[in-house]
Amino acid sequence: MNELTVEYRKQKHMFIWLIPLVFLAVIFLWSTAGQGGLSDYDLAQGYSYLLYLMPVLNCILMPVMLAVLSSRICDMEVKGGTWKLLFTLQEKSRFYDRKFLTEFLYLALFCVGELTVLLLCGMLLGYTEPLPVKQALLHLAATLLTGSAVLTLQHILSLLAANQFVPLLTGLAGSFLGLFSEFFPPALARLVLWGYFGAFTPYHMDWNNDAQKIILIHKSFPTGLFAGLFGFTVLSYLLCRHIFLKKEL
Amino acid sequence: MVNIMETVIETNSLTKSYHRKNVVEDLDLSVPEGSIYGFLGPNGAGKSTTMKMLLGLAKPTRGNVRLLGKTMDDRNRLSLLRDTGSLIESPAYYGHLSGRDNLLLIASLKQTPEKQVDDVLRIVRLSDQQQKKVSHYSLGMKQRLGLAAALLGYPSLLLLDEPTNGLDPAGIQEMRELICTLPQKFGMTILISSHLLAEIDQMVTHVGIIDKGILVFQDRLDILHEYSRTGIRLHTTDNETACRLLAQNGMPVLRKEGCLYLDTRKDSDVLRMGHLLYNMNIGVLRIEEKQASLEDIFLSFTGAD
């Protein structure tokens, strides 16, 4: 616990909490923009629409946010050359885990914040649709898991790169790739890690030509994919951790 | 005066290889308790690698390290290092935090009372600048902050890797004075590395010289000083004849740079030389004792030109 507290104390004056907050603000503005004067039909599927929209937004925004977050938290160690001091005071593995946990807690904060945005939109815009609690929680779990997988990659890159340009560029590239992977054949899309933000969307959109309306159709949650991503995340975390531990200073 | 009792650092055949090339080879270091041990060597000799192995930051390819009487391994490394302070290569710091905040973090990790932060700031004379961001510190101040961090918990052993690197002469002097006071004040043993013998000559009690990863000398400083062999430099009215005469009489003489060098420390030899030259009517213009500087000795050990 002491080591985790130390991680947060290191962030004094850095306003790291602003990073998820700014991205949440963007999501809130994006979600509410153009939703003034919604019809009864739109209000009746308001939450579903947001739960469809948010994974797409996450695909664009989260890779960048996680890259910035991880880079800001890890760069202070790289810049200050603190390894040689820190690893005489704490185990390298504990340092790696605590640092990741710090980043993960910001990610969790963001995910919870996104659900808050969902509720806030419902209240402000007067959605008539009952909140689909199950879908919202599954969205939270999927975002948290995909975020963790991406964070695992950003974490090791930020710790090992002498120049933070590398992890930041990876984040940007991930954002583009993630979004474009939506248009890839499914088998190919599954190879793009950042694309998983959109892979768990609980709805898909269709166009009812007769009614001239957008219909949101509920999708069953891809449990197998979720379990596979969970396994991949755990394995890649262990692998990255091993690489970091093996690297001599 | 600190009593020298036992060995605080001991390495046995310590070896480190990178890409099958030995950077440190069969190093048997022995640092006595209470000493200030100067670990000398040219740049790239293996000093920092050795220091890193002593702290468990680099894994030895072969051999082992005994620290404070215990063989260091992965399990006891941190508990042994709890009684060790270190400053390796350059000072470690968080530039966006104040000097005080930096030390509070280290104190927290070392689990030492926060009150000690004030004490170490006073020792390194940074009390007045403690609230300033470290990114605004000069290099000298950063080095002193690094030393303050190493002093937290008043460890028995201090490992300082080139602590005066990059400092101006005033900074070097200040750092030197500071380091010299530590063994007496806090009973610490200090291992300090440098590539400049003259710099640490004024503070160490023991010296180890490493070159190309091999320890070429290790002993007390006064023993090293004995290597600064004395000889006599002589300038006469006729150096050529004088040289021939002295050589014929079995004296160890050399002609070099327009002078004669008599490789002896005996007063009787000097007296005899005077008689010989006087008898041959050769006038002595200048006579002086020549002493090899410590730098010369260092260079002779490290084989540098």
Side-chain angles (χ1 to χ4, degrees), chain A residues 1-19 68-99 101-103 106 158-160 162-164 241-249, chain B residues 16 18 23 48-49 51-61 67 72 74-75 77-98 100-112 133-135 142 145-147 149-150 152-153 155 157 159 161:
Chain A
M1 194 61 195
N2 177 47
E3 287 165 324
L4 192 62
T5 315
V6 167
E7 283 304 325
Y8 282 105
R9 282 169 67 188
K10 286 179 190 173
Q11 295 165 19
K12 194 176 168 185
H13 308 310
M14 287 184 80
F15 306 106
I16 303 279
W17 51 270
L18 261 179
I19 300 168
V68 174
L69 188 71
S70 183
S71 173
R72 289 279 287 160
I73 291 174
C74 297
D75 189 39
M76 62 173 118
E77 314 291 354
V78 181
K79 255 191 204 155
T82 55
W83 313 123
K84 283 161 280 178
L85 175 64
L86 286 180
F87 301 149
T88 61
L89 305 172
Q90 64 181 142
E91 292 291 353
K92 222 170 161 180
S93 55
R94 288 178 72 91
F95 165 83
Y96 189 87
D97 295 341
R98 297 301 177 279
K99 204 82 172 164
L101 188 58
T102 316
E103 294 161 14
Y106 281 112
S158 300
L159 284 174
L160 295 184
N163 189 330
Q164 291 302 310
R241 189 177 187 261
H242 177 76
I243 292 169
F244 182 75
L245 296 185
K246 280 282 161 199
K247 188 173 164 61
E248 276 192 2
L249 304 163
Chain B
K16 179 72 188 174
Y18 289 112
V23 179
S48 294
T49 307
M51 296 284 242
K52 284 179 194 167
M53 284 194 282
L54 294 179
L55 290 167
L57 297 174
K59 222 178 170 64
T61 309
L67 218 60
M72 190 162 72
D74 286 344
R75 277 164 298 165
R77 186 180 78 92
L78 283 183
S79 66
L80 284 177
L81 293 181
R82 214 157 277 154
D83 205 15
T84 305
S86 61
L87 175 57
I88 301 295
E89 285 170 341
S90 49
Y93 60 87
Y94 296 99
H96 62 285
L97 298 179
S98 68
R100 183 180 181 78
D101 283 339
N102 268 273
L103 291 177
L104 284 171
L105 283 178
I106 306 301
S108 193
L109 285 172
K110 276 192 170 180
Q111 294 173 345
T112 54
K133 271 188 181 180
V134 178
S135 57
K142 283 175 188 163
L145 183 71
L147 185 60
L152 277 170
L157 173 65
L159 299 177
D161 188 14

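Proteins get letters first, then strands, A, B, ... in listed order; numbering begins at 1 in each.
At a 4.5 Å heavy-atom cutoff, the contact between B:K59 and chain A is made by backbone and side-chain atoms alike. With a threshold of 4.5 angstrom between heavy atoms, B:R82 does not approach chain A through any atom at all. If you measure heavy-atom distances from B:D74 to chain A, the contacts under 4.5 Å come from the backbone alone. Proximity to chain A is absent for every atom of B:L80, based on heavy atoms less than 4.5 angstrom apart.
Residues forming a side-chain hydrogen bond (donor to acceptor under 3.5 Å, both in side chains) with A:D75 (at least two apart in sequence, or on another chain): A:K79. Looking at residues two or more places apart in sequence or on another chain, you find a side-chain hydrogen bond (donor to acceptor under 3.5 Å, both in side chains) between A:Q90 and A:E3.
What you find for A:I73 and A:E103 is that their closest heavy atoms are CD1-CG, 3.7 Å. Closest of all the heavy-atom pairs between B:Y93 and A:T82 is O-CG2, 3.7 Å.
Note on A:L89, A:L85, A:L86: by heavy-atom pairs under 4.5 Å with chain B, the leading option is A:L89.
Of the listed residues (A:R9, A:K10, A:K12), just one forms a side-chain contact (heavy atoms from CB on, under 4.5 Å) with B:Y94, and that residue is A:K10.
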